[in-house]
Amino acid sequence: PPLARIAGLVETDVGLGLVCEKVRGSDGGLAPSLFQCWLGHGGEPPWAQAQLAAFRAGLLRHNIIVGDLNAANVVYGSDSRGGPRLLLVDGFGEKEAIPLCSMSRRFNRHATERRFRRMLRDLATPVSGWTTPRIDP
């Protein structure tokens with residue numbers, strides 16, 4: 001699945017936090033976020049179309065509940081399962097008082113599609129000649 005492996009929990013100053021496996025970038029350091037990749041290329045990176053399509057398909061296939069899908073919570077790198085690929089490192093899980101996504105796979109699919117389109121729209125905000133990502137549903 002396009003989700004970073006969870007290693008455990010840690011106490012933070014704002015409550016419990018998840019510890020995820022390190023996702024490495026091409027330089028061996030921490031993987032850059034999708035937003036950083038977009039900004040670094042001045043728009044859509046050459047690998048974006050294929051990786052975004054595979055990421056979207058993986059979220060839907062594995063019925064991952066995404067509460068906050070944005071380009072800062074998605075990284076492009078490699079983990080122990082391979083890569084490079086897009087991985088969700090934060091913003092997953094049910095965040096609503098009534099857990100509709102947990103109760104209905106159909107509702108979760110609709111919510112994931114909506115959040116994915118919003119992430120693409122946010123990335124496509126005209127900055128330095130950026131263009132709208134072209135992702136086939």
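Atom CZ of Arg114 is separated from atom CE of Met119 by 14.0 Å, given to the nearest 0.5 angstrom. Taken from OG1 in Thr112 to CG in Leu59, the straight-line distance is 6.5 Å, to the nearest 0.5 Å.
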Output side-chain donor-acceptor pairs under 3.5 Å for residues 82-101, partner residues at least two apart or in another chain, one line each.
unit_1	atom_1	unit_2	atom_2	d
Arg85	NH1	Pro1	O	3.4
Arg85	NH2	Asp79	OD1	3.4
Arg85	NH2	Asp79	OD2	3.2
Glu94	OE1	Cys101	N	3.4
Glu94	OE1	Ser102	N	2.9
Glu94	OE1	Ser102	OG	3.0

Only pairs under 3.5 Å count here: list side-chain donor-acceptor contacts from residues 68-76, not counting sequence neighbours, and write none if there are none.
unit_1	atom_1	unit_2	atom_2	d
Asp68	OD1	Asn70	ND2	3.0
Asp68	OD2	Asn70	ND2	3.3
Asp68	OD2	Asn73	ND2	3.4
Asn70	OD1	Ala72	N	2.8
Asn70	OD1	Asn73	N	3.3
Asn73	ND2	Asp68	O	2.8

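Considering every non-hydrogen atom in both Gly58 and Ile64, the closest pair reads O-CD1, 4.5 Å. Across every non-hydrogen atom of Ala4 and Val23, the tightest pair is CB-CG2, 4.4 Å. The two residues Leu34 and Trp47 have their closest heavy-atom pair at CD1-CH2, 4.0 Å.
A donor-acceptor pair under 3.5 Å links the side-chain atoms of Gln36 to the main chain of Ser33, judged by distance alone.
Around CZ of Arg24, the count of heavy atoms belonging to other residues, nucleotides or ligands within 6.0 Å does not exceed 12.
Partners of Arg117 according to the salt bridge (charged side-chain N to carboxylate O under 4.0 Å, His left out) rule, which considers only residues two or more places apart in sequence or in another chain, do not exist here. Under the side-chain contact (heavy atoms from CB on, under 4.5 Å) criterion, Ser104 pairs with Arg106, Phe107, not counting sequence neighbours. Listed by chain and number, the residues in a side-chain contact (heavy atoms from CB on, under 4.5 Å) with Val10 are Thr12, Val19 (sequence neighbours excluded). For Phe55, there are no ring-ring contact (aromatic ring centres under 6.0 Å, His included) partners at least two apart in sequence or on another chain.
Residues in residues 7-22 take part in these salt bridge (charged side-chain N to carboxylate O under 4.0 Å, His left out) pairs, two or more places apart or across chains: Arg5-Glu21. Identified under the ring pair (Phe, Tyr, Trp, His ring centres under 6.0 Å) test for residues 10-33, with sequence neighbours left out: none.
Under the 4.5 Å side-chain heavy-atom criterion for Ile, Leu, Val, Met, Phe, Trp and Tyr, Leu120 and Val66 are members of the same hydrophobic cluster.
With contacts defined as side-chain heavy-atom distances shorter than 4.5 Å, the pair Arg105/Arg109 does not qualify.
Under a 4.5 Å side-chain heavy-atom cut-off, the cluster of Ile, Leu, Val, Met, Phe, Trp and Tyr residues that includes Leu60 has no other member.
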